[in-house]
There are 2 protein chains.
Amino acid sequence: MIEPEVIQEHVDKLSAEMRRGLIVLVVMSQLETEEYGYSLLKKLEEKGYDITQDTLYPLMRRLETQGYLNSDWKVDEPRPRRYYQLNELGEAVLEALRKEWKEQFKVIEEITK
Amino acid sequence: MIEPEVIQEHVDKLSAEMRRGLIVLVVMSQLETEEYGYSLLKKLEEKGYDITQDTLYPLMRRLETQGYLNSDWKVDEPRPRRYYQLNELGEAVLEALRKEWKEQFKVIEEITK
DNA sequence: CTATAATACTGTATATTATACAGTATTGTC
DNA sequence: GACAATACTGTATAATATACAGTATTATAG
């Protein structure tokens, strides 16, 4: 018999790895309307999706670098915030990605069940 | 308007990234019975899951190193093959991982739809 | 008022790992 | 006798989530 805590440790590690790949879809799908890092962080936590600053901020920077997001530094608010939103390319890519993953999820579900 | 080929290129790249994380679950779920690399490769292709040698072989080696698989080099066959199969830890982890991802998939589906 | 928690970032380093690349050898099959 | 398919091993590399360090402001509770 293997200790449940030991199993859980392994599951946590592999689970994180699995979540990793899907983060892009999760985050992009939230940025059809503008969000800043912290607001998105809280929003995702609320919805049961665990993610840390250390993951989210660099990801948003990366998605901007890769050309999917535009950002807008707003200072006319209680405190300065960088708002991100999908641009035209981002929108188009998200739409196609969703479509593709409806299929992929089916395949994976079938394989892993 | 953005060229469809351009969008597809981006989708392919992000899609590969998404698939990446799930590979572990996909592969482990096939190794409740023993398989060798090439047989698993063909099996997954058949089921609509694209994966290359370059991904699969190193992954199986890694899962063995991490203690989830045992391997067995069989030479009494038309040609020598290394068979892999989940060991006790692997079975336990897979079971827990499946359970956890039933939940996770629900969350992600809800968030990304 | 003043400590503390929550908010809201930026910048750089590191560890992990899928993928790529190179190579080897055997077994069909045309 | 050539070529495709089978079936690996070993090492290199590029991408990127996560970690770590640092900064500064605004609520809030005592």
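Please read all numbers here as calculations on a predicted model, not as lab measurements. Chain A is the first sequence line, chain B the second, and so forth, proteins listed ahead of strands; every chain is numbered from 1.
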In whole angstrom, give the distance that lies between atom [atom1] of [X] and atom [atom2] of [N].
X	N	atom1	atom2	value
B/Tyr38	D/dT6	OH	P	3 Å
B/Arg81	D/dT6	CZ	C1'	8 Å
B/Arg19	D/dA15	CZ	C1'	17 Å
A/Asp12	D/dA17	CG	C1'	16 Å
A/Gln66	D/dA17	CD	C1'	13 Å
B/Leu56	D/dT6	CG	P	14 Å
B/Leu41	D/dA5	CG	C1'	12 Å

**Report entry** Short side-chain N/O contact from B/Gln53 to OP1 or OP2 of D/dT6, under 4.0 Å
**Finding:**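 B/Gln53 to D/dT6 OP1/OP2: no side-chain N or O under 4.0 Å.
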Query - Phosphate OP1/OP2 of D/dA17: any A/Thr55 side-chain N/O under 4.0 Å - result: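 A/Thr55 to D/dA17 OP1/OP2: no side-chain N or O under 4.0 Å.
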List the atom pairs, donor and acceptor, that lie under 3.5 Å between side-chain atoms in residues 1-13 of chain A and the rest of the protein, sequence neighbours left out.
from	atom 1	to	atom 2	distance (Å)
A/Gln8	NE2	A/Asp12	OD1	2.9
A/His10	ND1	B/Tyr68	OH	2.6

**Report entry** Donor/acceptor link under 3.5 angstrom from A/Arg62 side chain onto base of D/dT16
**Finding:** no
Report summary line: Closest to the 5' end of DNA chain D, once B/Pro58 and B/Arg82 are matched to their nearest nucleotides, is B/Arg82
Report task. Apply the test side-chain contact (heavy atoms from CB on, under 4.5 Å) to residues A/Met28 and A/Leu86: give CA-CA distance (whole Å), side-chain angles for both, the deciding distance (0.1 Å), then the verdict. Result -> CA-CA 7 Å; A/Met28 285 182 79; A/Leu86 288 176; 3.9 Å; yes
Requested in this report: Evaluate side-chain hydrogen bond (donor to acceptor under 3.5 Å, both in side chains) for A/Thr112 paired with B/Trp101, printing each intermediate quantity in order.
Outcome: CA-CA 10 Å; A/Thr112 60; B/Trp101 274 83; over 6 Å; no
Report summary line: With A/Glu35 as partner, the option from A/Leu41, A/Val27, A/Leu40 fulfilling side-chain contact (heavy atoms from CB on, under 4.5 Å) is A/Leu40
Query - Intermediate values then yes/no, side-chain contact (heavy atoms from CB on, under 4.5 Å), A/Ile111 and A/Ile108 - result: CA-CA 5 Å; A/Ile111 292 179; A/Ile108 290 170; 5.6 Å; no
Checking all strands, does [X] fall into the base, sugar-phosphate, or nothing category for heavy-atom contacts under 4.0 angstrom?
X	answer
A/Arg20	sugar-phosphate
A/Lys13	sugar-phosphate
B/Tyr57	base

Query raised in the report: How about B/Glu45: does its CD atom have over 12 heavy atoms from other parts shown lying under 6.0 Å from it?
Result: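 Counting neighbours around CD of B/Glu45, more than 12 heavy atoms of other residues, nucleotides or ligands fall under 6.0 Å, so yes.
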Query - Whether over 12 other heavy atoms sit under 6.0 Å from A/Lys43 NZ - result: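 For A/Lys43, atom NZ is crowded (more than 12 foreign heavy atoms under 6.0 Å).
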Report task. Give a yes-or-no answer on whether the side chains of B/Tyr36 and B/Glu77 include a donor-acceptor pair shorter than 3.5 Å. Result -> no
Query - Bend angle of the helix from C/dC1-D/dG30 to C/dC30-D/dG1, from helix axes over five pairs at each end, nearest 10° - result: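 Rounded value for the end-axis angle: 30°.
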Query raised in the report: First contact, last contact: which nucleotides of DNA chain C are these for chain B, 5' to 3', heavy-atom distance under 4.0 Å?
Result: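 The protein-touched segment is C/dT17 to C/dT27.
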